[in-house]
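Here's the structure we're looking at; comments come further down.
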Amino acid sequence: MTEPLDPGPLDVPKLQRRLADFAAARDWRQYHTPKNLVAALSVEASELVEIFQWLTPEESTRVMDDPETAHRVTDEVADVLAYLLQLCEVLGVDPLAALAAKIDRNERRFPAS
């Protein structure tokens with residue numbers, strides 16, 4: 001059994017290349033239209049919501065304490081991120097630049113007291 005790879009620092013372009021290569025090797029790129037990727041992203045986000053749906057606020061803060069639930073959460077987070085990165089790649093959006101710009105706008109919009 002091989003050891004899991006240490007992902008190291010977040011390398012968005014490398015992850016996007018891996019996702020694109022994975023899809024291309026299976027001839028799935030034809031299905032990776034913005035519409036389909038947004039729909040898939042929504043489905044995966046809903047699967048993440050489903051895990052938390054009936055938890056109390058207190059239970060939700062401890063969700064990672066249960067290994068089985070933690071694994072489900074981690075898998076769904078990965079699915080959401082994968083589809084988001086694929087959508088960004090298809091649309092030519094730099095997700096880190098978009099996030100930084102959004103944080104900047106929010107800091108101006110909602111200044112700290």
Side-chain angles (χ1 to χ4, degrees):
M1 181 177 202
T2 58
E3 290 294 316
L5 295 177
D6 176 7
L10 183 63
D11 184 341
V12 171
K14 181 179 178 181
L15 291 170
Q16 287 174 311
R17 275 192 309 278
R18 286 187 66 193
L19 290 164
D21 290 347
F22 181 87
R26 291 152 182 82
D27 198 26
W28 291 351
R29 298 278 305 192
Q30 62 185 314
Y31 305 112
H32 289 187
T33 64
K35 179 194 79 67
N36 288 350
L37 291 168
V38 167
L41 176 60
S42 176
V43 169
E44 296 302 338
S46 294
E47 290 178 4
L48 185 58
V49 169
E50 183 181 30
I51 297 168
F52 291 86
Q53 184 174 7
W54 302 113
L55 300 180
T56 66
E58 294 77 23
E59 290 169 334
S60 73
T61 64
R62 296 187 309 273
V63 74
M64 300 305 281
D65 293 346
D66 174 60
E68 183 178 323
T69 306
H71 178 72
R72 290 177 56 215
V73 168
T74 302
D75 272 0
E76 296 309 333
V77 165
D79 289 341
V80 168
L81 183 57
Y83 282 118
L84 182 59
L85 290 178
Q86 290 174 89
L87 177 66
C88 288
E89 190 264 331
V90 166
L91 295 177
V93 172
D94 178 336
L96 297 182
L99 178 57
K102 182 66 175 189
I103 292 169
D104 289 344
R105 283 193 305 278
N106 283 342
E107 287 175 339
R108 287 189 301 276
R109 197 169 158 206
F110 305 105
S113 299

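On a predicted model such as this, the values are computed, not experimentally measured, just so you know. Every heavy atom of this structure was used, including side-chain atoms; hydrogens, water molecules and symmetry mates were not.
- The closest donor-acceptor contact from the side chain of R18 to the backbone of K14 lies at 3.5 Å or more, if one exists at all.
- Judged by the 6.0 Å and 45° rule, R26 forms a cation-pi pair with F22.
- A side-chain contact (heavy atoms from CB on, under 4.5 Å) with V77 holds for exactly one of D79, V73, D75; it is V73.
- Residues satisfying the side-chain hydrogen bond (donor to acceptor under 3.5 Å, both in side chains) criterion with E68, sequence neighbours excluded, are absent altogether.
- Between atom CD of residue E59 and atom CG of residue D66 there is a gap of 11.5 Å, rounded to the nearest 0.5 Å.
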Run the side-chain donor-acceptor check on residues 37-55: report pairs under 3.5 Å with partners two or more places apart or on a different chain.
{"residue": "S46", "atom": "OG", "partner": "S42", "partner atom": "O", "Å": "3.0"}

Distance-only check: which donor-acceptor pairs under 3.5 Å involve side-chain atoms of residues 81-105, not counting sequence neighbours?
{"residue": "Q86", "atom": "OE1", "partner": "H32", "partner atom": "ND1", "Å": "3.1"}
{"residue": "Q86", "atom": "NE2", "partner": "A82", "partner atom": "O", "Å": "3.1"}
{"residue": "D94", "atom": "OD1", "partner": "L96", "partner atom": "N", "Å": "3.0"}
{"residue": "D94", "atom": "OD1", "partner": "A97", "partner atom": "N", "Å": "3.1"}

